[in-house]
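Here is the structure we will look at, set down as structure tokens.
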Amino acid sequence: MTRKLMKRSVLVLGLGISSLTLAACDGVSVGVGVGYGYDPFYDSMLWNDYYHDVDVDIDIDRPDRPDRPPVNRPPARPTPPIAKPPARPRPPVARPPAARPPIHRPAPRRG
Amino acid sequence: MRIRLKTALAACAALWVGAAVPAAADTPVTYTDAERALFSFAVPDFWVLRTGGPRDIEDTELGDPRAVARVMGFKPVTDDSVWMGFVSPAGVNSIQDGLRYLEDIDKFLVNDPTVTSTSDTRIAGLPAKVIRGTGTRDGGVSFTATIIDLPRGRVAIAVTILRNGADPAYVDDLNAVFASFRSLQ
């Protein structure tokens, strides 16, 4: 009996581990350690020291640093075509009485 | 009956051709700055585009806000080994300025950049400078930075990054982006 139980548990555990191992080999997985929204090159291209006096040792003759661009605040947002939904109407204080199902009556005896 | 069969065949052929042509088309995208359209390009099929906008970002150490231009970046939907980005920073008027600008972002884009070649070319009929090189960023990468001299005192800067081991077929997609590049000034 004990032997049979051990055999069964070994079988179940083995199958479980093998299925997990097979699932890890799934070819659908994308990238390595890169989660949603993580975009290193995008963030790096945003960042620069061009308009700032940062001490960078570059030995070639660089052109003069241009004036800082005017800081243009983004213009006011136009009204979008999709309007906000109206506020949800408040329920009246007194709720109408709940419609009760008709009480089941025994059918008249059929002659 | 024979005539009907022929027309049916022709209709089928027309459907096939019609279905094949839109599948090869890319998605045109226009880069604008202050409601001024600067240039356009086509994003390859099955690539995902991320757009930005002008804004200020503050340096946490120095504490000074800096103006940031719109960056448009795109990469294949199912692959992180290729990346391409466009930016047209304000105040950068010529290819010389563009080189200077690139020197200030390359240290963020890749580590230990080594320029292997530079060349002058024309993209969409406009003078352009191409800088190719290699560097590291979570593994080896090869990069190509391109400065395109747009009319009326603007430049377009395109940076493409290919990680080592990326599918070489992506090079065709990247070159197709340059082939679709048009100045809108």
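First the proteins, then the strands, lettered A, B, ... as listed; each starts at 1. Quantities reported herein were computed from a predicted structural model and do not represent experimental measurements. What you see below is based on every heavy atom in this structure, not just the backbone, and it leaves out hydrogens, waters and symmetry mates.
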For this session: Check each atom of F143(B) against the heavy atoms of chain A and say whether the ones under 4.5 Å are side chain, backbone, both or neither.
Result: neither
Exercise. Tell me, side chain or backbone of R55(B) under 4.5 Å from chain A's heavy atoms, or both, or neither?
Worked result: side chain
Residues in side-chain hydrogen bond (donor to acceptor under 3.5 Å, both in side chains) contact with [X], at least two apart in sequence or another chain:
X: Y42(A); value: none
X: S44(A); value: R137(B)
X: D172(B); value: none

Exercise. In terms of ring plane angle, is the pair F39(B) and Y31(B) parallel, tilted or perpendicular, where the classes change at 30° and 60°?
Worked result: parallel
Seminar exercise, completed: Among residues 151-168 of chain B, those lying within the under-4.5 Å heavy-atom range of chain A are I157(B), V159(B), I161(B), R163(B)
Problem set entry | Residue pair D97(B) / G91(B): nearest heavy atoms and the distance that separates them | OD2-O, 3.9 Å
Exercise. Of the options D120(B), T146(B), T121(B), which is the one that meets K129(B) in a side chain to side chain donor-acceptor pair (under 3.5 Å)?
Worked result: D120(B)
Problem set entry | Close side-chain approach of R36(B) and L184(B), heavy atoms under 4.5 Å | no
